[in-house]
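Shown next, in structure tokens, is the structure this report addresses.
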2 protein chains.
Amino acid sequence: MARAKKLTQKQDAILNFIEKFSIENPFPPTLKEIAEEFKITLGTVQDHVFAIEKKGFIKRFPDVARGFKVTRPGDNKTQDMADMIPIYGNVAAGEPIFAQENIQGYVTMEKNKAGHKIHFALKIKGESMKDAGIYDGDIVIVRKQDDADNGDVVIALLDDEATCKTLKKTKIKAYLEAANPRYKAIMNRPFSIIGKVIELRRGYVAA
Amino acid sequence: MARAKKLTQKQDAILNFIEKFSIENPFPPTLKEIAEEFKITLGTVQDHVFAIEKKGFIKRFPDVARGFKVTRPGDNKTQDMADMIPIYGNVAAGEPIFAQENIQGYVTMEKNKAGHKIHFALKIKGESMKDAGIYDGDIVIVRKQDDADNGDVVIALLDDEATCKTLKKTKIKAYLEAANPRYKAIMNRPFSIIGKVIELRRGYVAA
DNA sequence: ATTTAAGCCATATTTGTTTAAGGTAAATTA
DNA sequence: TAATTTACCTTAAACAAATATGGCTTAAAT
């Protein structure tokens, strides 16, 4: 079985350069540009690139200018670009949540292949989800959807206020549960789900 | 004032192709590839590309193969504001942490705040920081630095293994503390700090 | 009515980029 | 010890790709 061999130091450095270059520029480098970076000759770069390819870390497109593709074994994720998605502050009841004035900033997120504006972010207020590791001030990234599965952490609209809770579904009914013993479950009030939490982010840099 | 003019249908189609091609391949197309796609000649493509550039939707790099950059005047929020930083897996003692083979993926991060390659990300293993809201499988974003303040969550090198702990500093000595009563503080072993945790990310999408 | 822009074409030239083919030396592996 | 791998080199040739000219037609703008 073609097990992925390890790269040598030099090969690793060159792979690094190719990747960095590809991120900082809209295209991969040429062999010559690699040669210049490392102050070696074209022929030497050929050898290195060939070796790196043989070990399976890049794919080459024959006769194609800048024809590299970094294919780290075990990572099929195409890292193209990022989207900026808005962070909405938690607002008082009655006020519109998705208002332009309510945007507190942006976070970056890997671009999703399909949907476009289906994500947004929300700043968490309060301690009701503390036992699920979601703290006051944390930011959750939400995928818009009007239903979710049992046990999902969701953003629900409750009396016109957005709240973060765990969704519980029984055969009889659905309800919202906090992750903090000091809060009780919300059983008999109407709510609607506006999205599912797909990621949590917490900053440690002092405000 | 050079206001951004609108593209014609044809120009828009070509711009779209360039963008799509750049996403589906690791490099932008050549003029010839565009010509083949639209069944027009090279010269015609030159005209179109020149027009598109003049209207500010792409940037061209002179004499550079595949030297395109799509710069839609609308989404300046997208590209230039994010950096891709690598996620390193937690490795066994003795093995190099910052090796290419150890990169498990990438996360996006807002650019600037600080310098360039001073950030990396690490996947957390274990429950030792659970009471600080850092769970197994979470990803922490780390700023490289060899010292930190009392109370900072840091990544430390302990017997050649990277570990996430809270740094405690007394007048007498510095030590590492877990955030889980089942783990005791690491008091009398040598360690070095490799970075400070500045952000936490947790994915909720099913594995 | 003249100019400008949009779409097209063809050909030639220059530059960019990859590929080919050979060689040297030191370190590692069989 | 012989064979392989790594890391370099040089030179030439082939191919890829961008650029330079120049010319054609139609529709819209001044």
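Sequence lines set the chain letters: A, B, ... in the order given, protein chains first and strands last, and positions in each chain run from 1.
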Exercise for the section: Return no unless some side-chain N or O of B:Lys39 is found under 4.0 Å from OP1 or OP2 of C:dC8. Expected result: no
Practice task
Tell me whether the OP1 or OP2 atom of D:dT6 has a side-chain N or O from A:Lys55 closer than 4.0 Å.
Solution key: yes
Exercise for the section: Look at the side-chain N and O atoms of B:His48 and state whether any lies under 4.0 Å from the OP1 or OP2 oxygen of C:dA6. Expected result: no
Handout entry: Residue-phosphate contact under 4.0 Å: A:Gln11 side-chain N/O, D:dA7 OP1/OP2
Key = yes
Problem - Worked verdict on B:Glu199 versus B:Arg201 for salt bridge (Lys or Arg N to Asp or Glu O under 4.0 Å) - result: CA-CA 7 Å; B:Glu199 193 177 328; B:Arg201 298 194 181 182; 2.9 Å; yes
Exercise for the section: Enumerate the residue pairs fulfilling ring-ring contact (aromatic ring centres under 6.0 Å, His included) with a member in residues 141-197 of chain B, sequence neighbours excluded, ordered by first and then second residue. Expected result: none
Exercise for the section: Report yes if a side-chain nitrogen or oxygen of B:Thr44 is closer than 4.0 Å to either non-bridging phosphate oxygen (OP1 or OP2) of C:dC8; otherwise report no. Expected result: no
Handout entry: B:Arg66 vs C:dG16: side-chain N/O to OP1/OP2 distance below 4.0 Å
Key = no
Completion exercise
Of C:dC9, D:dA17, D:dA7, the nucleotide closest to the side chain of B:Asp47 is C:dC9
Exercise for the section: Map B:Leu42 and A:Asp63 onto DNA chain D by nearest heavy atom, then report which one ends up closer to the 5' terminus. Expected result: A:Asp63
Practice task
Would you please confirm or rule out a distance under 4.0 Å between OP1 or OP2 of D:dA7 and any side-chain N or O of A:Thr8?
Solution key: yes
Exercise for the section: Assign the ring pair A:Phe61 / B:Phe27 to parallel, tilted or perpendicular, where the plane angle (0 to 90°) is split at 30° and 60°. Expected result: perpendicular
